[in-house]
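Worksheet for the structure shown next.
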Amino acid sequence: MRFPSATRLTTPHFNGYPAVLVRLERIGVAELEEVIIDAWLAKAPKRLAATYLAESGR
């Protein structure tokens, strides 16, 4: 994920913190879903993430 963008941002306060900041007024539902899933996949247990990926076809 690239920062900053039209829909995602960071601030010095959150540098190094495992969070994704989004501009809700600028992000579409599909992109928001992708950001949330990608963030979850980065932190989810590997076996659970693999099961999700296999079942979702991602």
Side-chain angles (χ1 to χ4, degrees):
M1 186 177 308
R2 294 183 344 254
F3 282 98
S5 77
T7 57
R8 296 177 293 267
L9 68 139
T10 188
T11 66
H13 177 77
F14 285 101
N15 286 350
Y17 187 76
V20 176
L21 304 177
V22 296
R23 293 179 171 101
L24 291 177
E25 71 278 3
R26 295 186 183 178
I27 195 167
V29 172
E31 186 179 0
L32 179 58
E33 180 179 356
E34 181 181 336
V35 168
I36 291 169
I37 291 171
D38 288 347
W40 179 80
L41 287 170
K43 293 294 185 178
K46 290 181 182 184
R47 190 166 46 181
L48 183 60
T51 300
Y52 168 79
L53 290 171
E55 291 177 1
S56 70
R58 276 183 61 118

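We're numbering straight along the sequence, starting at 1.
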Checklist entry - Under a 4.5 Å side-chain heavy-atom rule over Ile, Leu, Val, Met, Phe, Trp and Tyr, are Y17 and L21 clustered together? => result yes
Checklist entry - Going hydrophobic residue to hydrophobic residue with side-chain gaps under 4.5 angstrom, can you get from L24 over to I36? => result yes
Item to check | Min side-chain heavy-atom separation W40-L48 under 4.5 Å | outcome: yes
Checklist entry - Quick one: salt bridge (charged side-chain N to carboxylate O under 4.0 Å, His left out) pairs with a partner in residues 43-57, sequence neighbours left out? => result none
Next on the checklist: How long is the straight-line distance from CG of L32 back to OG1 of T7, given to the nearest 0.5 Å?
Outcome noted: 9.0 Å
Checklist entry - Shortest non-hydrogen contact from L9 to T11? => result CD1-CG2, 4.3 Å
Checklist entry - Quick one: salt bridge (charged side-chain N to carboxylate O under 4.0 Å, His left out) partners of R58, sequence neighbours excluded? => result D38
Next on the checklist: Between E31 and R26, does the side chain to side chain contact (heavy atoms under 4.5 Å, CB included) criterion hold? Intermediate values first, please.
Outcome noted: CA-CA 10 Å; E31 186 179 0; R26 295 186 183 178; over 6 Å; no
